Colleague: 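To start, I am sharing the structure in question, which I have written as structure tokens.
Just so you know, these numbers come straight off a predicted model, no measurement behind them. Counting starts at 1 for both ligands and their atoms, following the listed order.
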Amino acid sequence: MRIVLLGAPGAGKGTQAKKISEKFGISHISTGDILRNELRNNTELGIKANEYMKDGRLVPDELIIEIIKEKIEKEGRQTQFLMDGFPRTLNQARKFDEMLASLGISLDKIINIDVAEDELVNRLTSRRVCHECSGICSINDFNSEDDAKCPSCGGRLYKRKDDDSEVIRERLKVYEKQTKPLIDYYSKGGLLFDINGLGTEKEIFERVLTLL
Ligand code: AMP
């Protein structure tokens with residue numbers, strides 16, 4: 001199975017991607033997680049990427065394409081994946097198509113998770129991430145920051161630097177301008193499916209499963 005998850009920041013791609021990849025045993029490839037991990041390890045790539053990430057801008061296509069190439073070419077034709085946060089520009093989508101074509105494979109489905117903008121802002125401002133398992137939750141589900149622990153593993157939570165309200169505004173602008181056009185791009189191939197991203201994690205996952 002080869003799937004791309006589309007959706008604005010805060011639409012729930014990461015949460016659903018984790019559930020889908022666990023259920024179907026396919027690789028969850030999150031370019032955002034890869035870049036944050038590189039930064040944590042102080043690599044040249046991480047430091048360079050952070051210059052863009054901290055302001056809510058997109059990391060240059062060349063760097064992202066290299067990361068994806070390395071991931072999927074290693075497994076060759078057998079590769080099965082769920083892309084979360086890639087592609088994010090038309091150029092990335094075209095390069096990705098070329099990469100898949102050169103391996104003689106193609107995408108099965110593109111799932112677009114649709115959520116209104118005020119809800120996205122609300123979710124991103126209250127989002128917290130687990131240090132241990134990278135699980136995602138909302139601070140609104142706890143009485144205070146001090147009580148907050150990862151609901152899956154009990155790990156410590158942190159707020160992503162780019163979930164600051166100024167940066168959120170920029171990320172949503174970037175999404176509208178650079179990533180939203182991908183909906184049109186993929187709708188031409190007849191593999192794109194929209195799902196309503198409002199509801200509980202479980203409800204949204206059930207909607208996703210009806211497509212897979
Ligand atoms: P995410 O975790 O998917 O919200 O990504 C966090 C940040 O990483 C984004 O705001 C971008 O700065 C960068 N990033 C992640 N994926 C990509 C991509 N495919 N292209 C460019 N930048 C990306």
Colleague: Name every donor-acceptor pair, under 3.5 Å, that has one atom in a side chain of residues 129-139 and the other anywhere in the protein, sequence neighbours excluded.
Modeller:
unit_1	atom_1	unit_2	atom_2	d
Glu132	OE1	Arg156	N	3.2
Ser138	OG	Ser126	OG	3.4
Ser138	OG	Asn140	N	3.1

Colleague: Membership question, hydrophobic clusters at under 4.5 Å side-chain separation (ILVMFWY): are Leu35 and Phe86 in the same one?
Modeller: yes
Colleague: For ligand 1, what are the residues with a heavy-atom contact below 4.0 Å?
Modeller: Thr31, Gly32, Leu35, Arg36, Met53, Arg57, Leu58, Val59, Ile64, Gly85, Phe86, Arg88, Gln92, Arg160, Asp162, Arg171
Colleague: Side chains of Asp163 and Tyr158: any donor to acceptor distance under 3.5 Å?
Modeller: no
Colleague: Verify, without hydrogens or angle tests, whether Arg77 (side chain) and Leu103 (backbone) share a donor-acceptor contact under 3.5 angstrom.
Modeller: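 Yes; at least one donor-acceptor contact below 3.5 Å.
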Colleague: Flag yes if more than 12 heavy atoms outside Lys109 fall under 6.0 Å of its NZ atom; otherwise flag no.
Modeller: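 Yes, enclosed.
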Colleague: Other residues, nucleotides and ligands only: do more than 12 of their heavy atoms fall within 6.0 Å of CD on Glu75?
Modeller: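 It does: Glu75 CD has more than 12 such atoms within range.
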